[in-house]
Amino acid sequence: MPKAPKSRPDLAGAVWTAAKALATRTVVFGCDRIPYRFEDVPRKKILNWILAEASARMRTAKPWGYPTILQIEPTDRCNLRCTLCPVAEGLERPSGSMDLDAFKRIIDEVGGYVFLILLWEWGEPFINPRTYDMIAYARQKGIKLVTSTNGHLFANRENAGKVVRSGLNTLIFAMDGLSQETYQRYRRDGNLETVLQGIRNVVEMKKALGSSTPLIDLRFIAMRHNEHEIPALPELAASLGVDALTLKTLFPGHGSDPRKDNENEFVPANVAYRRFEYNHPDERIRVKRNPCTVLWISLSVHWSGAICPCCFDVQEHYPLGSLKDNSVKEIWFGETMAAMRRRFRDNWESIPICGRCSYAYEGGDCSRDTIIQEILFKENLHA
């Protein structure tokens, strides 16, 4: 299976894309190799997107535009205890769920600039019962939303109906095994049949309600104990009636020693399924210039309203502000975030979370979707 393309538009290509967007009022965002098309976009929103992307390219201390992507954590609570997940190990920060009014305040302030919301970070988002209302509220503002679930709560048909009615654009079902034995090796406390029933319920509810959304993405993380099951995935996906099947590469763990990937029991034996590139079996290749643009285009909001550099700041060791005390604008354009951008620009390896991040190594560029090893859409699952 081929790796995702690694090309990034050059300056001329970026200028052409911007000009075309302004002329047609159409913007296409890619996320996990799935395209999201926005039409009749207000020119103010397009100009903000262009300015945000330009400041990311120039790595200015203070961005020229508002964030165009939000990553919002509805809750940090979870019903599973997945191996390698920091939630399972126990978070150092308080646990809780975001209030709907807090979510609305974010959308009311910057929703006019935002194209896409990734509605999860740590935890199972649908443990927060207001997540469905959050989706519906953001959809009213023309924002598209993607979220990921372990699927257990959708074994309840009522929840399946709620998520379809919410208007959610993409629902990722994380399911990393085709037998209970394989599945529970990573998804501890999980039940495979419960997940399968959850998928069936959402598929059936889409049909019953005549809805084209959400796009149902069956997500499989390739690991050493399940890589032998990968050839059987298209047949399963087709039988379930999902819209897409994505094979994702594994990030071996937060704080893990990159020299010991070969000793990690979850890293695939087949190098084609590994995320990173290596000088030799024990050493990942460091990037010369970290390609991450998160600090310029995306805002990471924990359930409590805490603003962090990105989802890799699991424990809130690098707080940039709190929406309990300040507005998004004050934090986004403030000196604390500016200082973090300067530090990243001048010496990103001095920031521990950046030095351990997926972006720090060849093959781990999330912005170019290289972490999605393969994607098959519904029409190709029978091929």
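None of the values given here were measured: they were computed from a predicted structure.
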Worksheet item: Out of curiosity, H152 NE2 to E193 CD, how far, rounded to the nearest 0.5 Å?
Response: 10.5 Å
Worksheet item: side-chain contact (heavy atoms from CB on, under 4.5 Å) between L233 and L178: does it pass, once the steps are laid out?
Response: CA-CA 8 Å; L233 285 172; L178 301 190; 3.8 Å; yes
Response to the item:
dist I117:CD1 -> I72:CD1 (nearest 0.5 Å) comes out at 4.5 Å
Practice prompt. Please test I69 against L299 for side-chain contact (heavy atoms from CB on, under 4.5 Å), starting from the C-alpha separation and ending with a verdict.
Written response: CA-CA 7 Å; I69 299 171; L299 193 70; over 6 Å; no
Practice prompt. Answer yes if the side chains of E124 and T75 hold a donor-acceptor pair under 3.5 Å, and no otherwise.
Written response: no
Item to complete: Answer yes or no: is there a side-chain heavy-atom contact under 4.5 Å between N48 and L51?
Response: no
Worksheet entry | Single-linkage hydrophobic cluster I297~F344, side-chain heavy atoms < 4.5 angstrom | yes
Practice prompt. Grab the two heavy atoms, one from P252 and one from V267, that are nearest each other, plus how far apart they are.
Written response: CG-CG2, 4.0 Å
Discussion item. Rounded at 0.5 Å granularity, tell me how far CE in M340 sits from SG in C308.
Written reply: 9.5 Å
Item to complete: Could you check if a side-chain atom of L196 sits within less than 4.5 angstrom of a side-chain atom of M175, using non-hydrogen atoms only?
Response: yes
Worksheet entry | Worked check of side-chain contact (heavy atoms from CB on, under 4.5 Å) between D243 and K206 | CA-CA 11 Å; D243 302 295; K206 276 183 65 176; 2.9 Å; yes
Discussion item. For R286, is there an ion pair with E349 - N to carboxylate O distance below 4.0 angstrom?
Written reply: yes
Item to complete: Could you tell me whether the side chains of E92 and H317 share a donor-acceptor contact shorter than 3.5 Å?
Response: yes
Practice prompt. Please report the shortest heavy-atom distance between A272 and Q373, naming the atom on each side.
Written response: O-NE2, 3.2 Å
Worksheet item: Closest approach of R77 and I127, non-hydrogen atoms and distance?
Response: O-CD1, 3.6 Å
Discussion item. Measuring only between side-chain heavy atoms, which start at C-beta, is I106 closer than 4.5 Å to V301?
Written reply: yes
Discussion item. Just by distance, no angles: are the side chains of E229 and T182 close enough, under 3.5 Å, to form a donor-acceptor pair?
Written reply: yes
Worksheet item: What distance do R59 atom CZ and D346 atom CG have between them, rounded to the nearest 0.5 Å?
Response: 10.0 Å
Worksheet item: So I46 and V27, side-chain contact (heavy atoms from CB on, under 4.5 Å) or not? Walk me through it.
Response: CA-CA 8 Å; I46 295 174; V27 175; 4.0 Å; yes
Discussion item. Checking the side chain of E73 only, and the main-chain atoms of W303 only, is there a donor and an acceptor separated by less than 3.5 Å?
Written reply: yes
Practice prompt. May I ask you to decide if W120's main-chain N or O and Q71's side chain share a donor-acceptor pair within less than 3.5 Å?
Written response: yes
Practice prompt. Verify the distance criterion only: is there a donor paired with an acceptor across the side chains of N226 and Y273 at less than 3.5 Å?
Written response: no
Worksheet item: Between R43 and L22, is there a donor-acceptor pair closer than 3.5 Å when you use the side chain of the first and the backbone of the second?
Response: yes
Discussion item. For the residue pair R284 and Y278, would you count it as a cation-pi contact if the rule is NZ or CZ under 6.0 angstrom from the ring centre and within 45 degrees of the ring axis?
Written reply: no
Worksheet item: When you check the side-chain N and O atoms of R343 and S350, is any donor under 3.5 Å from an acceptor?
Response: yes
Fill in: Rounded distance (nearest 0.5 Å) linking atom CG of D313 with atom CH2 of W122
10.5 Å
Discussion item. Please determine whether a side-chain nitrogen of the Lys or Arg among E109 and K104 lies less than 4.0 Å from a carboxylate oxygen of the Asp or Glu.
Written reply: no
Worksheet item: Distance-only, no hydrogens or angles: does the D176 side chain make a donor-acceptor pair with backbone N or O of Y186 under 3.5 Å?
Response: no
Worksheet item: Centroid-to-centroid, F266 to F251, below 6.0 Å?
Response: no
Worksheet item: How about T246 and E374: does a side-chain donor come under 3.5 Å of a side-chain acceptor?
Response: no
Practice prompt. Dump the intermediate steps for salt bridge (Lys or Arg N to Asp or Glu O under 4.0 Å) on E335 and R342, then the final yes or no.
Written response: CA-CA 10 Å; E335 180 53 35; R342 281 192 292 266; 2.2 Å; yes
Fill in: E227 side-chain N/O to N270 backbone N/O, donor-acceptor pair under 3.5 Å
yes
Worksheet item: Any idea how F173 and F154 line up, ring-wise: parallel (<30°), tilted (30 to 60°), or perpendicular (>60°)?
Response: perpendicular
Worksheet item: Any chance the side chains of N150 and N79 put a donor and an acceptor closer than 3.5 Å?
Response: yes
Discussion item. Could you check whether R341 makes a cation-pi contact with W332, meaning its NZ or CZ is under 6.0 Å from the centre of the six-membered ring and within 45° of the ring axis?
Written reply: yes
Practice prompt. Flag the pair T147 / T170 as yes when at least one side-chain heavy-atom distance between them is below 4.5 Å, and no otherwise.
Written response: no
Fill in: Distance-only polar pair, side chains of S148 and R219, donor-acceptor under 3.5 Å
no
Discussion item. Looking at C292, is its backbone amide N or carbonyl O close enough to the side chain of N290 to form a donor-acceptor pair, meaning the two atoms are under 3.5 Å apart?
Written reply: yes
Discussion item. I'd like to know if Y359 and I351 are part of one continuous hydrophobic network [Ile/Leu/Val/Met/Phe/Trp/Tyr, side-chain heavy atoms within less than 4.5 Å].
Written reply: no
Worksheet item: So do C31 and L116 actually touch side chain to side chain, heavy atoms under 4.5 Å?
Response: yes
Worksheet item: R37 and V28: which non-hydrogen atoms are nearest, and at how many Å?
Response: NH1-CG2, 4.0 Å
Practice prompt. Check for a donor-acceptor pair, side chain of T213 on one end and backbone N or O of L215 on the other, with a separation under 3.5 Å.
Written response: no
Discussion item. Between L119 and F126, is there a side-chain heavy-atom distance shorter than 4.5 Å?
Written reply: no
Worksheet item: Going hydrophobic residue to hydrophobic residue with side-chain gaps under 4.5 angstrom, can you get from Y318 over to W296?
Response: yes
Item to complete: Flag this pair as yes if the NZ/CZ of K45 is under 6.0 angstrom from the six-membered ring centre of F115 and inside a 45 degree cone about the axis; otherwise no.
Response: yes
Practice prompt. Can you label the angle between the Y66 ring and the Y113 ring as parallel, tilted or perpendicular, going by 30° and 60°?
Written response: parallel
Discussion item. Quick check against the 3.5 Å criterion: does T249 have a side-chain atom that pairs as donor or acceptor with the backbone of I371?
Written reply: yes
Worksheet entry | Cluster link F29 to L70, ILVMFWY, side chain under 4.5 Å | yes
Practice prompt. Could you tell me the separation between the CG atom of D40 and the OG1 atom of T24, rounded to the nearest 0.5 Å?
Written response: 9.5 Å
Fill in: Check: R81 side chain, V87 main-chain N or O, donor-acceptor pair, under 3.5 Å
no
Discussion item. Could you check whether any side-chain heavy atom of I199 comes within less than 4.5 Å of a side-chain heavy atom of V242, counting everything from C-beta outward?
Written reply: yes
Item to complete: Determine whether W49 and F333 fall in the same hydrophobic cluster, where Ile, Leu, Val, Met, Phe, Trp and Tyr are linked whenever their side-chain heavy atoms lie under 4.5 Å apart.
Response: yes
Worksheet item: Any idea which heavy atoms bring L209 and G161 closest together, and the distance?
Response: CD1-O, 4.4 Å
Worksheet item: In terms of side-chain heavy atoms, does S95 have a donor or acceptor partner in D76 at a distance below 3.5 Å?
Response: yes
Worksheet item: Do the side chain of S55 and the main chain of P63 share a donor and acceptor less than 3.5 angstrom apart?
Response: no
Worksheet item: Are the side chains of P74 and R130 in touch, meaning some heavy atoms are under 4.5 Å apart?
Response: no
Worksheet entry | Minimal non-hydrogen separation, Y132 against S166, with atom names | O-CB, 3.7 Å
Worksheet item: Under 6.0 Å from the six-membered ring centre of F38 and within 45° of its axis: does the NZ or CZ of K144 meet both?
Response: yes
Practice prompt. Count the heavy atoms belonging to other residues, nucleotides or ligands that lie under 6.0 Å from CD of E39, then report whether that count exceeds 12.
Written response: yes
